[in-house]
Amino acid sequence: MKAQRQVWGETLAELAQVDSRVVVLDADLATSTRADIVADKAPHAFIQIGIAEQNMVGMAFGMSTLGYRPWLSTFGVFLTHRALDQIRMLVSQTKAPVRIAAAYSGLLNGSSGKTHQDIEDLAIMRAMPNMTVLAPADEFEAAAIIRWAAEHDGPVYIRFARDAVRPVFDASYTFVPAQPVELLAGPDITLISTGVQTSRTFEAAQLLAADGIQAQLIHLPSIKPLDEAALLSTVGDAKHVITVEDHSRIGGLGGLIAEIAATAGSFRVTRIGLDDRWAESAPNDFLLDKYGLSPERVADSIRGALKQSG
Amino acid sequence: MSLSIENDLTTANLANIAQEARWRVIETVTSSKAGHVGGPLSAIDMLVALYFHQMRVDPASPQNPDRDRFILSKGHCAIGLYSVLALRGYFPVAELLTFDHGDSRLQGHPDMLLTPGVDSSSGSLGQGLSAGAGMALAAKRLGKEFHTWVMVGDGEIEEGMVWETIIAAPRYGLDNLTLVIDLNGLQQYGWPAGKGDRFDRSEPMGHVDLPAVLGGFGWNVISIDGHDFNDILAGYARAEEHRGVSGKPTVIIGNTTKGNGISFTSGTYKWHNGVATPEQLETARAELRDTETGMYA
C-alpha cells in the first residue's frame, strides 16, 4: 500500500522530467505533501513560495498565463479556506490551468486536529464555476487522476488523503472523467462513496455480505463534472441510496446525490458522513470509530438505515 | 506593427491624451449611472504614460506573447484602464459607453477573457502583484525579455496578500517586475482626519514610511509626481533600466491626487465613486479641453 501523497510526489517528479510546463509551487510543506520528491528528482520544476498560500495561488495563475501548468503543494485547508478568494478570482474565473493538489484532506491528517481537517472542501469547490473536482479512492486512481489532470486545459481540484488505504483498483485502472465506477453489484442496497472513504465503504460492504446483505457499491471519483445520466443508469431501479463520505454531510457527495434525487431520481437518500461539528486531534482508528467512518461503523449505519426503511 | 516603445509623443501630447481619457471616464460613468471616478482619475496619467510611451504593446495583436504585461490590481478603477485602452486602439472609443451594460466586453472589473488588452482579471483587492510576480517569474524562466507592470492603490496595500508578494518577489530576483503605487492619499471612506475640510480623511499610508519599508524589503524604490509626465517617464525609464541588471524588483511610488483634473472631484474622498449631474458634466467638459483643438466631445 502506498499513500496518495507519495504517489503524487513520484508522479509529478516523473511528469516534470518530460513536460517543461509542469512546475510545483510549495507553501513550505514539501516534506508533508511529498513535493520534496519533486525537489529532489526534478529540482528545476520545484518552486518554493514560502508560507504564503494566497501568493502561491496568484503566482501560479501568473505563470499559467505564460503556458505553465502549475501544481500547488500544501494542506487542503490552506487552499480551500485561506486562499479561497484567490482560487475563485484568479483560477476559477479565468479558467487558468492550475492544479490544486489538496493534501491531508478529510478527517485524517496525522493528528493535527480540527484546524487542519478539511471536511468542507467538496461543498466549497463544487459550487465554483469552471472547477473540476476529483477525489481518488486509492494510490492507483490517484496516479491515473494526476496524469489526466496534467493534460486537462482548465482548473482542477484534487482531494488527496494523507495515509494509505487498502486499494480498490490496480495498476491497470483507467480514469474516465465524469463517470461513476461500479465496484460491487448487489440487489439489497445501493451505496455511493468517494475518495478514500470508498476503500472503507468497500470493507463495510464485505461486512454486510457476511450478514447476507448484498450491496451495490458505486464509486464517484468525479464530483464535478458528473455524468448524471450514467449515474442514474448505474443506480437503476434502486429505491434507497446511501452515500458515504469523509466530509461534512452538508453539501458534499451526499448533497450532490440528494440534489440529483430531488430533480431526476426515484430513490430516497441517506447520507453517511461527518456531523456538522468540529472534530479533534487523535489517532486515525480513534477518529474513524468516534466519527462513524470506520468500516464497522459505516456497516452499522447502513444496517440502521435499512431497518428504518423496512 | 511590431512591438516597440512609442516614443514620438511629447509630454504635451501625452497630457492631452490623459485629458481626453479623463473626459471618457466621467462621461462613461455618468452615462452608465454607476462607477468609480476618483481612482481612475488619479491613475490616468500614469496609465497613459505606460500605454502611449513605455510599454511594448501592439493593440492589433493584444495576445502577442512578447508584449509587456500590465495588471490593474485596483480593479474597481477599470474604466480608467478601458478609456486608455480604447484611445490606444484596442477597441472602439464608442464601445466605452457599453461599460457595465448587459453583454458588454467592458465589465465593472477587468476580465481578461473578455476585453482585448487586459492581461489579468482583477476585482478582489491585493491580488494583482502576485499575478504579476508569477508572470515575471515565468518570463525569467522562459528567457523572455518583456517587462511586467502592476498598479495598486495606496488603500489596497492594506491587504495582507500584497505583502506576501513584496516579501517573495525579491527572492526570485524579479527585476523585470515593476509595481506602481497610485498614492492618492484617499480610499473609499477610511479614517477621519479631523480637519473639517473636504480633503477630510487621513491618508491610508500616512503613518508608514513607504520608501524605507519597501527598500527594506529589498525593492528598488522610485518616488515620482504621478501627474507630471516628465517625472513619470523618467521614473518608468529608471525602473526598466533595472531589468536584467539589479536583481531586484522596482516600486514606483506615484504621488497623485484622487479625482485629479476635474475641479469638483479633485481631492475629495466623496468622489471615490459617483455620478455627475448634467451641470457637473458640463463643468468637466469645459475643464477637460484639448489645448489645441478644443473640446473632446
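Naming: A, B, ... by sequence-line order, numbering from 1 per chain.
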For the pair B/Arg141 (side chain) and A/His44 (backbone), establish whether a donor and an acceptor sit closer than 3.5 Å, ignoring hydrogens and angles.
yes

Find the one option among A/Val23, A/Val57, A/Leu25, A/Asp85 whose heavy-atom pairs under 4.5 Å with chain B are most numerous.
A/Asp85

Shortest non-hydrogen pair, B/Ser121 vs A/Leu90, comes out as O-CD2, 3.9 Å

Between CG of B/Leu174 and CE of A/Met59, what distance do you get to the nearest 0.5 Å?
6.0 Å

Any idea which heavy atoms bring B/Gly134 and A/Met63 closest together, and the distance?
O-CG, 3.2 Å

Counting only heavy atoms from other residues, nucleotides and ligands, does the tally under 6.0 Å from CZ of A/Arg88 exceed 12?
no

Just how far is it from atom OG1 of A/Thr65 to atom CE of B/Met112, taken to the nearest 0.5 Å?
6.5 Å

Atom CG of residue position A/Asp276 - does it have more than 12 heavy atoms of other residues, nucleotides or ligands inside 6.0 Å?
no

Whatever's closer than 4.5 Å to a heavy atom in chain A on B/Leu142 counts as both

Non-hydrogen atoms of chain B under 4.5 Å away: do they reach the side chain of A/Ile47, the backbone, both or neither?
side chain

Answer key: most heavy-atom pairs under 4.5 Å with chain B among A/Gln48, A/Lys95, A/Gln93 is A/Gln93

Report the C-alpha separation of A/Phe61 and B/Ser130 in whole Å, then their side-chain angles, then the decisive distance to 0.1 Å, and conclude whether the side-chain contact (heavy atoms from CB on, under 4.5 Å) test is met.
CA-CA 9 Å; A/Phe61 157 74; B/Ser130 180; over 6 Å; no

Below 4.5 Å, heavy atoms only, C-beta onward: do A/Tyr68 and B/Leu137 meet side chain to side chain?
no

Could you tell me which portion of B/Thr148 (side chain, backbone, both or neither) has an atom closer than 4.5 angstrom to a non-hydrogen atom of chain A?
neither

Please indicate whether B/Lys144 has more than 12 foreign heavy atoms, meaning atoms of other residues, nucleotides or ligands, lying under 6.0 Å from its NZ.
yes

What part of B/Met161 gets closer than 4.5 Å to chain A, counting heavy atoms only: side chain, backbone, both or neither?
both

Using only atom types and a distance under 3.5 Å, with no angle test, would you say the side chain of B/Thr165 pairs donor to acceptor with the backbone of A/Asn55?
no

